[in-house]
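Written out below as structure tokens is the structure these notes cover.
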Protein chains: 2
Amino acid sequence: MVREKTIGRLSLYRRLLTELQGEGPKSVYSHQLAARAGVSAAQIRRDFMILGYSGSPAQGYEVAKLLDSITHFLDAPESQGAILVGVGNLGRALLAYFGTGRARLRIEAACDNDPKKIQRVIHGCHCYAMVEMPEVIRRQSIRTAIITVPAPEAQAVANDLIEAGIRGILNFAPVRLHVPEGVFVENMDMAVALEKVAFFARQHV
Amino acid sequence: MVREKTIGRLSLYRRLLTELQGEGPKSVYSHQLAARAGVSAAQIRRDFMILGYSGSPAQGYEVAKLLDSITHFLDAPESQGAILVGVGNLGRALLAYFGTGRARLRIEAACDNDPKKIQRVIHGCHCYAMVEMPEVIRRQSIRTAIITVPAPEAQAVANDLIEAGIRGILNFAPVRLHVPEGVFVENMDMAVALEKVAFFARQHV
DNA sequence: TATTCATTGTGATATTTATAACAATGTTAT
DNA sequence: ATAACATTGTTATAAATATCACAATGAATA
Ligand SMILES: NC(=O)c1ccc[n+]([C@@H]2O[C@H](COP(=O)([O-])OP(=O)(O)OC[C@H]3O[C@@H](n4cnc5c(N)ncnc54)[C@H](O)[C@@H]3O)[C@@H](O)[C@H]2O)c1
Ligand SMILES: NC(=O)c1ccc[n+]([C@@H]2O[C@H](COP(=O)([O-])OP(=O)(O)OC[C@H]3O[C@@H](n4cnc5c(N)ncnc54)[C@H](O)[C@@H]3O)[C@@H](O)[C@H]2O)c1
């Protein structure tokens, strides 16, 4: 009953609403948010049905209440952290990105099997050895992981993560992971994405 | 008539088939490829309908012919290049990734507005000044761009790229770009992706 | 040769996702 | 007070996407 696409958009709306809030407005209409999000106003209203919060036809939605509703729906009661495995080129970029100022969902720990990286702090995040990983995950109740190890290592790393209690994986390795029922995997396949863009760049002449 | 999801999967199949080819087999059944791709066998056969190449019920698909068919369908007759704008943390990681050994779709040029980066070669890719960008795009007939500049800069950069002839954008900035009809945009929104994973990590207990 | 078998290609069907349509609401202008 | 209006919430409809089902194929076996 929970639509996958809806979850992604709610996360987007939250970010846009937070930006909007900084600009002043206390309320917003669906068509205004739609313009920023690049979706239709009907899509927005439909997505909001799941929240249990209603706007008014006259004032639209109160930004603060809307943000509360989305956060209540999306987030865990206690703040949630993620662990990143593979502190290479991409892993470091992600640590820089998700480290700075995001209270919501932080990368709380990193792991690598390269002795040169272990026990060092990279972009404010401690890098543990792989043997420490299960302990870190259990201690900090982490359920979400980011995989940025080379493709041939990804499945083994995923297995270890799941064994340690991880239930959601954001996978950047260009491999389709085999995971048991109940584990959610989102693939960020950049090579596929770029080829798709190149294809459609050619279609509409 | 061309399904967006199908294009993405064809790109994935091509990569998997190339790997498979290296392992020896000259032919493959839909269910074998399906296992690697993490999709159903029926999905694969349906996707292949668009190619105009048929396998045989007895031997399955000839890997070499299948690869030819996919490449003929996906790729431009002449090889296509991409330009990357914003040589920061993420941009450099992407240059490293798309530079090494990918004949198919290379990042042929990079741009930045930071004087410290301009006219330098980063991971084998020349970094041009922004004023040179339109000239580079026209000279090398580039139609695909990757945006890795800070969010507030992304729309302006997109406008300039489109003005210069770009028709497809892979956008990493957490902003929804407004583009004219006929320009294809694929958003790689990692913050949204991570929140989605965190959400579903919590669903299946 | 006839039979068995796993597989293909594709029409039919189901599910997911997006759009359209409109009564209900409540504010504003007259 | 009332008519005009823009917007909401939700139902109805459409479009995109995925799965199912099975006749047709042809190699392998008896
Ligand atoms: N660099 C990019 O922009 C980019 C883009 C798309 C996809 N990817 C994918 O992301 C992954 C990482 O790419 P990268 O460029 O950062 O590679 P990288 O080689 O720079 O980094 C890989 C890191 O993983 C570590 N590692 C290797 N095996 C490990 C293991 N078994 N356990 C723990 N750590 C291990 C290495 O020590 C290294 O620090 C690859 O799968 C790559 O295909 C990268
Ligand atoms: N770092 C990540 O892993 C990550 C992850 C997800 C999204 N992003 C997004 O990708 C973008 C880049 O992230 P980053 O971490 O690489 O940032 P960064 O600050 O390291 O790099 C940005 C680069 O863009 C250049 N730049 C700035 N304005 C420009 C302009 N007008 N024209 C051309 N170049 C310009 C800067 O000189 C710099 O080199 C941001 O929008 C960020 O939100 C980054």
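Quantities reported herein were computed from a predicted structural model and do not represent experimental measurements. Reminder, nothing fancy here: chain letters follow the sequence lines and each chain counts from 1.
- Partners of A:H31 under the side-chain hydrogen bond (donor to acceptor under 3.5 Å, both in side chains) rule, at least two apart in sequence or in another chain, do not exist in this structure.
- Proximity of B:R9 to the phosphate of D:dT17: no side-chain N or O atom is located under 4.0 Å from OP1 or OP2.
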Under the salt bridge (charged side-chain N to carboxylate O under 4.0 Å, His left out) rule, what do A:E195 and B:R9 come out as? Steps first, then yes or no, please.
CA-CA 10 Å; A:E195 292 205 342; B:R9 282 193 301 265; over 6 Å; no

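- If you check C:dT17, C:dG11, C:dA20 against the side chain of A:E4, the one that comes closest is C:dT17.
- Rounded to a whole Å, the CZ atom of B:R3 is 16 Å from the P atom of C:dT17.
- Distances shown here put a side-chain N or O of B:S40 below 4.0 Å from the OP1 or OP2 atom of D:dT19.
- Contacts with DNA chain C (heavy atom under 4.0 Å) in residues 18-28 of chain B: none are found.
- The separation between A:I7 atom CD1 and C:dT16 atom C1' is 14 Å, rounded to whole Å.
- Distance B:L51 CG to C:dT10 P: 12 Å, rounded to the nearest Å.
- Judged by atom type and distance alone, B:R46 does not reach the base of C:dT10 through any side-chain donor-acceptor pair under 3.5 Å.
- For the helix from C:dT1-D:dA30 to C:dT30-D:dA1, the end axes, each set by the C1' atoms of five terminal pairs, are bent relative to each other by 0° (nearest 10°).
- Atom CZ in A:F184 sits 5.0 Å away from atom CD in A:E186 (nearest 0.5 Å).
- For the side chain to side chain contact (heavy atoms under 4.5 Å, CB included) test, residues two or more places apart in sequence or in another chain that qualify with A:P180 are A:I162, A:V183.
- Separating the CZ atom of A:F48 from the P atom of D:dT11 is a distance of 18 Å, rounded to the nearest angstrom.
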Can A:D47 and A:K5 be said to form a salt bridge (charged side-chain N to carboxylate O under 4.0 Å, His left out), step by step?
CA-CA 9 Å; A:D47 289 336; A:K5 289 278 169 65; over 6 Å; no

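- Between the P atom of D:dT19 and the CG atom of B:D47 lies a distance of 10 Å, rounded to the nearest Å.
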Nucleotide N/O of nucleotides 4-7 of chain C paired with protein N/O under 3.5 Å:
unit_1: C:dT7; atom_1: OP1; unit_2: B:H31; atom_2: NE2; d: 2.8
unit_1: C:dT7; atom_1: O4'; unit_2: B:P57; atom_2: O; d: 3.2

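- Of all heavy-atom pairs between B:C125 and B:E108, the closest is SG-C, 4.0 Å.
- Judged as a side chain to side chain contact (heavy atoms under 4.5 Å, CB included), and not counting sequence neighbours, B:S27 has no contacts.
- In this structure, CD1 of B:I44 is placed 16 Å from P of C:dT10, rounded to the nearest angstrom.
- If you look at A:F48 and A:Y61, their ring centroids are closer than 6.0 Å.
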Stepwise salt bridge (charged side-chain N to carboxylate O under 4.0 Å, His left out) check, A:R176 with A:D189:
CA-CA 10 Å; A:R176 302 297 133 154; A:D189 197 321; 2.6 Å; yes

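- If you measure from atom CD1 of B:I50 to atom C1' of C:dT10, you get 15 Å, rounded to the nearest angstrom.
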Yes or no on salt bridge (charged side-chain N to carboxylate O under 4.0 Å, His left out) for B:K26 and B:E62, after CA distance, side-chain angles and deciding distance?
CA-CA 6 Å; B:K26 293 280 177 286; B:E62 289 185 47; over 6 Å; no

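- Across the protein-nucleic acid pair, A:M49 atom CE and C:dA18 atom C1' stand 14 Å apart, rounded to whole Å.
- There is no side-chain donor-acceptor pair under 3.5 Å between A:N159 and A:E163.
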